[in-house]
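Along the sequence shown, residues are numbered consecutively beginning with 1.
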Amino acid sequence: MKNSESTNLKDQSTNLSNDTRDLAIVKQELENHEDFYKMALQFQEIMMIYESAIKQIETKLEILNKEYKVTGRRNPIETIKSRIKSPDSIAAKLQKRGLPLNFRNMTGNLNDIAGVRVICPYISDIYTIKDILLKQPDLKLIEEKDYIAHPKESGYRSLHIVLQVPVYLSQSEHHVNVELQLRTIAMDFWASLEHELRYKTTTRIPEGIRRELRRCAETIAMTDREMEEIAIELQALD
């Protein structure tokens with residue numbers, strides 16, 4: 001009889017221990033779910049702020065676009081494109097820099113989460129647009145990389161500037177970095193094809209092909225300069 005009672009007590013103790021462990025697992029799962037929900041919501045809010053910053057830059061450029069059309073002056077803007085980096089791209093860039101994956105590092109160390117590309121007819125238009133934007137008091141220049149004056153080894157040419165843009169929400173103010181890439185139509189054509197070639201091959205691009213790409217970039221740059229000279233000559237005839 002005593003053995004039976006002892007066995008029952010052990011079974012009850014085991015069941016109680018199992019129940020406690022199960023409750024702890026459920027509690028941990030709920031906490032993990034809540035943490036995940038908070039992180040997802042925070043990421044969504046951050047992306048919304050970056051999208052708002054892009055919209056502000058796009059609006060400024062569209063206003064300039066309309067101004068040139070209304071006044072009948074030659075328009076220095078051909079096309080405006082924008083994009084937000086994907087979560088995969090953000091994570092890959094942080095890992096490449098050896099930084100832990102968190103929101104603080106994401107917003108504090110990456111300047112190109114929000115990107116706007118401005119395609120211009122001529123090289124001088126690129127610097128015209130940059131100067132106009134920098135005169136606007138709510139925009140602050142954070143960084144400038146002139147790959148037109150100093151092309152990359154690959155032959156890539158473009159003007160990259162990082163602008164800090166204020167974003168005002170109902171109860172907060174944020175200062176967000178947006179990267180602008182300003183290129184001519186010819187530069188964008190080369191960069192798009194070079195990007196496609198580079199990412200469609202799984203093997204290392206041979207040096208001979210690299211030389212060909214650089215040669216094409218030089219040819220396109222020369223064409224850019226010649227076309228602008230022709231445009232200047234035609235304007236002088238008016």
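- Counting non-hydrogen atoms of neighbouring residues, nucleotides and ligands closer than 6.0 angstrom, the CD atom of Glu153 reaches no more than 12 such neighbours.
- Closest heavy-atom contact between Tyr50 and Met106: OH-O, 4.4 Å.
- Between Thr59 atom OG1 and Leu64 atom CG the span is 11.0 Å, to the nearest 0.5 Å.
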Verdict with supporting geometry, Arg97 and Leu110, side-chain contact (heavy atoms from CB on, under 4.5 Å): CA-CA 10 Å; Arg97 295 187 180 185; Leu110 302 184; 3.9 Å; yes

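- Residue Glu212 is tested with Arg210, Arg215, Arg214 for a salt bridge (charged side-chain N to carboxylate O under 4.0 Å, His left out); the sole match is Arg215.
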From CA spacing to verdict: side-chain contact (heavy atoms from CB on, under 4.5 Å), Tyr68, Ile77: CA-CA 9 Å; Tyr68 278 99; Ile77 300 173; 5.9 Å; no

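- Hydrophobic clustering, with ILVMFWY side chains joined whenever heavy atoms are under 4.5 angstrom apart, groups Tyr122 together with Ile230.
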Trace of the side-chain contact (heavy atoms from CB on, under 4.5 Å) decision for Val176 with Ile113: CA-CA 10 Å; Val176 183; Ile113 293 176; over 6 Å; no

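- Grouping the Ile, Leu, Val, Met, Phe, Trp and Tyr side chains by contacts below 4.5 angstrom, directly or via other members, places Val162 apart from Ile90.
- Going from atom OG of Ser89 over to atom CZ of Arg83 covers 8.0 Å, rounded to the nearest 0.5 Å.
- Taking each heavy atom of Ile129 and Leu182 in turn, the nearest pair found is CG2-CD2, 3.6 Å.
- Inspection of the Ser124 and Glu228 side chains reveals an N or O donor paired with an N or O acceptor under 3.5 Å.
- A salt bridge does not link Lys55 to Glu62: none of the charged side-chain nitrogens sits closer than 4.0 Å to a carboxylate oxygen.
- Counted within 6.0 Å of CE on Met227, heavy atoms from surrounding residues, nucleotides or ligands total 12 or fewer; the atom is thus considered open.
- Residues Ile84 and Val116 share a single hydrophobic cluster, defined by chaining ILVMFWY side chains whose heavy atoms lie under 4.5 Å apart.
- Checking Arg183 against Tyr156 by side-chain atom types alone, a donor-acceptor pair falls below 3.5 Å.
- Using a 4.0 Å cut-off between charged side-chain N and carboxylate O, Asp224 and Arg157 make no salt bridge.
- Contact record, Asn177 with Ala114: O-CB, 4.2 Å, taken as the closest heavy-atom pair.
- Around the CZ atom of Arg74, the shell of radius 6.0 Å holds more than 12 heavy atoms that belong to other residues, nucleotides or ligands.
- Smallest separation of non-hydrogen atoms from Pro121 and Pro76: CD-O, 3.3 Å.
- Salt bridge status for Asp138 with Lys60: present, with a side-chain N to carboxylate O gap under 4.0 Å.
- With a 6.0 Å radius and a threshold of 12 heavy atoms from other residues, nucleotides or ligands, Gln44 has its CD atom at or below the threshold.
- The line from CD of Glu67 to CG of Asn75 is 9.5 Å long, rounded to the nearest 0.5 Å.
- The main-chain N or O of Leu213 is found under 3.5 Å from a side-chain atom of Trp190 such that the two form a donor-acceptor pair.
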Stepwise side-chain contact (heavy atoms from CB on, under 4.5 Å) check, His175 with Lys140: CA-CA 10 Å; His175 296 272; Lys140 179 182 177 183; over 6 Å; no

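- Here the side chains of Ile148 and Met187 are in contact, with some heavy-atom distance below 4.5 Å.
- Contact detail for Ala149 and Tyr127: the closest heavy-atom pair is N-OH, 4.3 Å.
- No donor-acceptor distance shorter than 3.5 angstrom exists from the side chain of Glu58 to the backbone of Ile80, with no hydrogens or angles considered.
- The structure places CG of Leu139 at 6.5 Å from CG of Leu133, a figure rounded to the nearest 0.5 Å.
- Here the closest non-hydrogen pair linking Ala217 and Gly155 is CB-O, 3.3 Å.
- Using a 4.5 Å cut-off on side-chain heavy atoms (C-beta onward), Asp188 and Arg117 make contact.
- More than 12 heavy-atom neighbours from other residues, nucleotides or ligands sit within 6.0 angstrom of CZ on Phe43.
- One distance of note links CG of Leu159 with CG of Asp146; it measures 5.0 Å at 0.5 Å rounding.
- Atoms CG and CG, on Leu141 and Leu163 in that order, are 6.5 Å from each other to the nearest 0.5 Å.
- Under a 3.5 Å cut-off, the side chain of Asn105 and the backbone N or O of Asn102 do not form any donor-acceptor pair.
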